[in-house]
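All chains are named by letter (A, B, ...) in the order of the sequence lines, taking the proteins before the strands, and each is independently numbered beginning at 1. Just so it is clear, the values below take in all heavy atoms, side chains as well, and ignore hydrogens, waters and symmetry mates.
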Amino acid sequence: MAGEKRKGLQLLDFWVSPFGQRCRIALDEKALPYEYLEQDLGNKSELLIRSNPVHKKIPVLVHDGRPVCESLIIVQYIDEAFSSSSSLLPSDPYARAQARFWADYIDKKVYDCGTRLWKTKGEPQQQARKEMVEILKTLEGALGDKPYFGGDEFGFVDVAFVPFTAWFLTYERFGEISVEKECPKLAAWAKRCGERESVKKNLSPPEKVYEFIATLKKKFGIE
Amino acid sequence: MGETVKVIGAFDSPFSHRAEVALRLKGVPYELLLEDLGNKSDLLLKHNPIHKKVPVLLHGDRTIPESLVIVEYVDEAFQGPPLLPADPFDRATARFWARFLDDKCSTPFWLSLWTEGEVQQGFMKEIKGNLKLLEGQLKGKRFFGGDTIGLVDIAASGFAHWLPLFEEVAGVTLATPEEFPDLCRWGKDYTSHDTVKQCLPDRATLLARFTAKKDMFVSTVKSMAPKS
């Protein structure tokens, strides 16, 4: 087992994970063939535990037998290890810093707040609703009038945020937030990204995300 | 390049130190603007409206907040010895452990200092487990970065200089040389490094300041720790 080093790229992932989808989109943007390995998160495989012993989480990208963990680190790795194809990060250091800042902001804020939107009720849910609107408006401010976060080209921050657009419907139905109404530019950006092959192919259909969360809510006994 | 470089920082802050040490390792002169975090300046709020935190790097007309983003920016914008390895896989590994420090170590460390009883025991177990994982990354090297200081050393600097001080103020022992021989040895090597020494806040002053703030630290934790 120790000496076995599979060549090529494998992605350990879970179908609805926005973090996993970031990696799938990045791999497709770079036209990199890879083997997709769906993981059972209720019964984690030996491969997953061995590849990510610290966090035991997906996504994990395994490249020639060596694992890379954490979605944004994976996306940067893909960009740097396969630098001959089109870049996801800009070349200018300041533009790169800004991209990293916004990707970090998305990581710190969106998933946690989104989870509280569907997991809580009453006052905590109202608070989550308020926070999510603020987060979306902040991101819309960062986008400005540009077609993509990075400017004219689809890039790192777009990859970081676009999987969450599949969750807008869920935010709307459980959290009563209309992204279209609150952040029209962001909604337009989501539509624009949705026309890209890599995004079309890899985002979960919004109804499927909603069904998944509705099932989880029932399972946790949250009405 | 000749553009002015400034760091908006704070005397007590290990995150502020990260920005300073990165600049010094690259040989970049800068002006340090010290904040009173109890009374944040308009300058700080203007340059970091989103998080309102230190450090913030000002380079010409560019503004960069978030300490780890700053370190990577400094590595890429200035000449001098590299702070990250060249190989993409090694870079990914360095970024992983830098993030691990911020995501998995900061909070349980803080909570292990100021909580009590079983709750404290739980956090102590957690932080010690995570420090063990981190220590494993040294693998006989002088620094996490190898022979020279790199991103992970800079990210872990809080555990080199601030950890022993907080242990003393809180009356808690987290990392003894017996339990963490490599990490403690690294801590000494890091804090005695010629360049690092220049931007480490004075130990006695920090100790006095933290001792005076102890009650305040304990109260911050009451709102963070899970309700039992």
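By the neighbour-count criterion of 12 heavy atoms within 6.0 Å, atom NZ of A:Lys57 is sparsely surrounded, having that number or fewer from other residues, nucleotides or ligands.
Ring pair B:Phe166/B:Trp110: centre-to-centre distance below 6.0 Å. Between B:Phe159 and B:Trp186, the distance separating the two ring centers is not shorter than 6.0 angstrom.
No other option in A:Lys108, A:Gln98, A:Gln76, A:Glu70 has as many heavy-atom pairs under 4.5 Å with chain B as A:Gln76.
Within the 4.5 Å cutoff, side-chain heavy atoms of A:Trp189 are placed close to those of A:Asp158. Using a 4.5 Å heavy-atom cutoff, the side chains of A:Phe19 and A:Asp107 are in contact.
A:Arg100 touches chain B through backbone and side chain together, each having a heavy atom under 4.5 Å away. With a 4.5 angstrom heavy-atom cutoff, B:Thr93 does not touch chain A via any of its atoms. Contact of B:Arg91 with chain A is made through the side chain alone, with heavy-atom distances under 4.5 Å. Of the two parts of A:His63, neither the backbone nor the side chain holds a non-hydrogen atom closer than 4.5 Å to a non-hydrogen atom of chain B.
With sequence neighbours excluded, the residues satisfying side-chain hydrogen bond (donor to acceptor under 3.5 Å, both in side chains) with B:Lys128 are B:Glu179.
Residues of residues 33-53 of chain B having a heavy atom under 4.5 Å from any heavy atom of chain A, listed by number: B:Ile50, B:His51.
B:Ser16 approaches B:Ala10 most closely through the heavy-atom pair OG-N, 3.1 Å.
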